S.K.: 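For reference, the structure I am asking about is given below.
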Amino acid sequence: MLLADLAATSATVAATRSRKAKVAALAACLETAEDAELEVVTSYLGGALRQRRTGLGWRSLTDLPPPAQDASLTVLEVHRAFDAIASLAGPGSQGARAAAVRELFGRATAAEQQWLRGVVTGEVRQGALDSLVQEAIALAADVPVVAVRRAAMFAGSTVAVARLAFDGTDALGAVGLVVGRPVLPMLASSAGSLAEALAKLGGTAVVDTKLDGVRIQVHRRDDDVVIATRTLEDITARLPEVVDVVRRLPASSVVLDGEAMTVGPDGRPRPFQETASRTATRGASAVHVAPYFFDLLHLDGRDLHDLPLADRLAALDALVPAAHRVERLVTDDVAAADDFASRVVDAGHEGVVVKGLDVPWEAGRRGNGWIKVKPVHTLDLVVLAVEWGSGRRKGWLSNIHLGARDPETGDVVMLGKTFKGMSDRMLAWQTERFTELATVPDPRADWVVPVQPTQVVEIAFDGVQRSTTYPGGVALRFARVVRYRDDKTAAEADTIDAVRALLP
DNA sequence: GTCACCGAAGGAC
DNA sequence: ATCTGACTCATTCGG
DNA sequence: CCGAATGAGTCAGATGTCCTTCGGTGAC
């Protein structure tokens with residue numbers, strides 16, 4: 001298949017808003033793919049390279065050669081080119097990488113260059129990602145989507161099952177959990193309160209402690225252990241303590257789901273930054289990370305993932321010592337659940353995850369089987385500047401810079417940005433408002449538009465963390481706009497001290 | 001030749 | 001990670 | 001009983017903070 005064909009379907013997909021039309025276009029493309037290129041085509045249609053890392057980003061693509069007149073690149077040639085680029089390392093590799101990029105892009109037409117740039121930066125923006133590709137595979141291979149999704153969950157990716165889908169539903173059905181091969185993680189949706197979460201599940205539910213660490217999936221067969229993150233990155237070598245814990249379990253093969261976290265000598269969880277830093281470093285480290293499990297998918301040759309949660313938890317409890325399990329409450333009572341959640345938060349944890357007792361373990365979507373509930377903080381902050389948006393927010397002032405009042409100096413101290421929580425109406429309002437408040441003669445001239453620090457905005461966020469980026473030494477986690485507060489002046493905004501007081 | 005520093009990439013949430 | 005808007009499918013409402 | 005309105009479930013896209021690793025480069 002020519003890259004040009006792929007770029008053309010991407011353009012077709014981007015041109016329509018109808019999902020069905022997108023799926024149809026993707027399926028038509030998949031049908032024309034040769035067997036040998038099916039995996040690459042599948043990956044490319046989903047807007048992703050097959051290489052996890054290439055060393056390329058937006059910066060490496062700043063000066064590209066002029067496009068070719070005629071389309072000649074094949075999909076497989078492109079794949080091999082990225083393989084070569086990805087394997088480059090060591091002194092001089094950046095130069096070699098740049099040369100390889102020039103070579104590849106020089107052979108691409110203008111349309112192909114645009115598509116290539118998109119995959120490299122992960123911004124194809126055709127309105128279709130993995131999920132629609134799964135539907136397209138189902139359509140092209142004439143198999144049920146659920147079969148494709150299920151196989152992809154066990155195989156760890158859609159790409160891995162694309163070819164199998166064309167062998168039929170039975171072939172997909174034969175894909176199962178293999179100890180040692182990470183599966184796509186089950187994700188949680190969220191709710192604003194325990195009452196809401198329990199109501200959604202109806203009846204008795206499990207209320208699990210939600211730890212502020214890194215999600216881990218651990219596979220063990222005899223002494224072989226594999227630890228994978230949420231995106232299935234293998235971090236086994238970085239967490240020897242976790243390997244030890246799992247090797248000591250009285251079983252020959254297990255697949256566990258849990259969270260890795262560091263705990264202080266006082267028994268309280270350390271800030272997320274510490275466990276994240278530890279799990280990211282490859283060498284030795286003084287920081288100790290321990291696993292806390294909340295699910296068991298496989299035990300000694302028996303798959304448990306299809307069993308109700310209640311059964312999986314019984315098996316978990318029998319296998320894993322309490323010290324390496326997440327604390328939980330099983331209840332149908334909102335007051336009891338609320339009480340448990342506040343104790344959990346007081347103990348320094350992030351919140352809770354409410355789970356249906358009869359729900360099987362199922363990856364691939366954020367269903368209502370697991371619902372997270374986290375406390376939300378709120379502050380009234382001052383807008384210091386705004387950035388022009390891109391994509392669907394082009395032409396709107398979008399990302400706002402936030403600051404808190406410093407009563408000592410009278411200044412407003414910046415502590416982060418946010419673009420979340422804004423409706424289109426709010427976006428329209430704020431581009432008008434901040435254009436008026438701009439302190440530069442032509443607000444359209446620059447990406448960042450400074451404004452008079454007078455507009456107060458109510459911001460919701462999950463927590464506060466230490467920062468080396470921002471002058472106040474603190475930054476907000478997951479800040480989002482609740483509403484603009486025209487009833488408050490900047491002098492009434494919250495202070496930087498109030499923010500620092502929230503530091504864990 | 002080494003070392004400190006910087007920016008990009010990539011990955012956690 | 002969070003949040004909004006858009007597309008689909010299913011159900012309810014109005015005549 | 002039929003078509004329109006409404007609601008629930010999903011998906012994609014916009015873009016956040018922090019941290020580590022690695023190559024390039026300038027200072028000595």
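Nothing here was measured: the structure is a model prediction, and the numbers come from that model. Chain naming here is simple, since letters A, B, ... match the order of the sequence lines and numbering starts at 1 in each.
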S.K.: Is any N or O donor-acceptor pair between the side chain of Arg19(A) and the base of dT10(D) shorter than 3.5 Å?
M.R.: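 Yes, the side chain and the base share a sub-3.5 Å donor-acceptor pair.
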S.K.: Checking all strands, does Lys420(A) fall into the base, sugar-phosphate, or nothing category for heavy-atom contacts under 4.0 angstrom?
M.R.: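 Base, at least one base atom sits under 4.0 Å.
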S.K.: Take atom NZ of Lys22(A) and atom C1' of dG13(D), then tell me their distance rounded to the nearest Å.
M.R.: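 Checked: the NZ to C1' distance equals 11 Å.
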S.K.: Output the single nucleotide from dT2(C), dG13(D), dC11(D) whose closest atom is nearest the side chain of Arg125(A).
M.R.: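 Looking only at heavy atoms from C-beta outward on Arg125(A), the closest nucleotide is dG13(D).
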S.K.: Ion pair present between Lys22(A) and Glu135(A), side-chain N to carboxylate O less than 4.0 angstrom?
M.R.: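 Salt bridge flag = no for Glu135(A) with Lys22(A).
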S.K.: May I ask you to say what Ala280(A) touches in the nucleic acid, namely base, sugar-phosphate or nothing, with a heavy-atom cut-off under 4.0 Å?
M.R.: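 Touches sugar-phosphate only.
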S.K.: Rounded to whole Å, please give me the gap between CD in Glu387(A) and C1' in dG16(D).
M.R.: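 Between C1' of dG16(D) and CD of Glu387(A): 10 Å.
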S.K.: Mind checking if Ala475(A) touches a base, just sugar-phosphate, or nothing, with heavy atoms under 4.0 Å?
M.R.: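 Touches sugar-phosphate only.
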S.K.: Roughly, in whole Å, what's the span from CH2 in Trp58(A) to P in dT15(D)?
M.R.: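 Trp58(A) atom CH2 is separated from dT15(D) atom P by 15 Å.
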S.K.: What's the closest nucleotide to the Arg230(A) side chain, out of dC13(B), dG5(C), dT2(C)?
M.R.: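 Closest nucleotide among those given: dC13(B).
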S.K.: With a 4.0 Å cut-off, would you call Arg80(A) and Asp83(A) a salt bridge?
M.R.: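 Here Arg80(A) does not pair with Asp83(A) in a salt bridge, since their nearest N and O are not under 4.0 Å apart.
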S.K.: Of all the choices, dA12(B), dA14(D), dT21(D), which nucleotide is nearest to the side chain of Phe419(A) once you look at every atom?
M.R.: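 Comparing dA12(B), dA14(D), dT21(D) against the side chain of Phe419(A), the answer is dA14(D).
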S.K.: Could you check whether Gln126(A) gets within reach of a base, just the sugar-phosphate, or nothing at all, counting any heavy atom under 4.0 Å?
M.R.: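 Touches sugar-phosphate only.
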S.K.: Between Glu259(A) and Arg230(A) (salt bridge meaning N to carboxylate O under 4.0 Å), is one present in this structure?
M.R.: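 Salt bridge: no.
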S.K.: Find the distance Asp212(A):CG to dC19(D):C1' and express it as a whole number of Å.
M.R.: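 In whole Å, dC19(D) C1' and Asp212(A) CG are 14 Å from each other.
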S.K.: Taking any heavy-atom pair under 4.0 Å as a contact, classify Thr54(A): base, sugar-phosphate, or nothing.
M.R.: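 Thr54(A): backbone/sugar contact only, no base atoms under 4.0 Å.
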S.K.: Between dA1(C), dC13(B), dG24(D), which nucleotide gets closest to the side-chain atoms of Gln94(A)?
M.R.: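 That would be dG24(D).
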S.K.: Which nucleotide in the list dC9(C), dC3(C), dC11(D) gets nearest to the side chain of Leu132(A)?
M.R.: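 Nucleotide nearest to Leu132(A)'s side chain: dC11(D).
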S.K.: Locate the shortest heavy-atom distance separating Trp447(A) from Gly389(A); write the atom from each residue and the value.
M.R.: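 Closest pair (atom of Trp447(A), atom of Gly389(A), distance): CH2-O, 4.4 Å.
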S.K.: Salt-bridged, Lys374(A) to Asp212(A), with N to O below 4.0 Å?
M.R.: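 No, this pair does not count.
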S.K.: Want to settle it: does Arg17(A) or Val481(A) sit nearer the 5' end of DNA chain C, counting the closest nucleotide to each?
M.R.: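 Mapping each residue to its closest nucleotide by heavy atoms, the 5'-most match is Val481(A).
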S.K.: For the side chain of Arg392(A), starting at C-beta, report the closest nucleotide among dA14(D), dT21(D), dC18(D).
M.R.: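 Output: dA14(D).
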S.K.: Report the distance from atom CZ of Arg53(A) to atom C1' of dT20(D), rounded to the nearest whole Å.
M.R.: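 Rounded to whole Å, this separation is 10 Å.
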S.K.: Closest to the Arg59(A) side chain: dA9(B), dC13(B), dT20(D)?
M.R.: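 The answer is dA9(B), which lies nearest to the side chain.
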S.K.: Over how many whole Å does the gap from Glu233(A) atom CD to dC13(B) atom C1' extend?
M.R.: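 To the nearest whole Å, that distance equals 15 Å.
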S.K.: Could you tell me the separation between the CG atom of Leu211(A) and the P atom of dC13(B), rounded to a whole number of Å?
M.R.: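 Spelled out: CG on Leu211(A) to P on dC13(B) is 12 Å.
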S.K.: Would you indicate what Asp424(A) reaches in the nucleic acid, counting non-hydrogen atoms under 4.0 angstrom: base, sugar-phosphate, or nothing?
M.R.: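 Touches sugar-phosphate only.
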S.K.: Once you round it to whole Å, what is the distance between P of dT17(D) and CZ of Phe478(A)?
M.R.: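 My rounded result for the distance is 11 Å.
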S.K.: Are the side chain of Arg220(A) and the backbone N or O of Val225(A) linked by a donor-acceptor pair below 3.5 Å?
M.R.: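 No; judged by distance alone, with no hydrogens or angles, the pair does not exist.
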S.K.: Classify the nucleic acid contact of Lys374(A) as base, sugar-phosphate or nothing, counting any heavy atom under 4.0 Å across all strands shown.
M.R.: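 Since only primed, P, OP1 and OP2 atoms lie under 4.0 Å of Lys374(A), the category is sugar-phosphate.
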S.K.: Given the C1' atoms of dC13(B) and dT15(D), what is the spacing between them in whole Å?
M.R.: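 Comparing C1' positions in dC13(B) and dT15(D) gives a spacing of 14 Å.
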S.K.: Counting any heavy atom closer than 4.0 Å, what does Ala460(A) reach on the DNA or RNA strands: base, sugar-phosphate only, or nothing?
M.R.: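 Nothing, no nucleic acid heavy atom in range.
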S.K.: For the side chain of Lys20(A), counting heavy atoms from C-beta on, which of dC18(D), dT8(C), dA12(B) is nearest?
M.R.: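 Looking only at heavy atoms from C-beta outward on Lys20(A), the closest nucleotide is dT8(C).
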S.K.: Between Asp130(A) and Arg149(A), is the closest basic N to carboxylate O distance under 4.0 Å?
M.R.: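 Here Arg149(A) does not pair with Asp130(A) in a salt bridge, since their nearest N and O are not under 4.0 Å apart.
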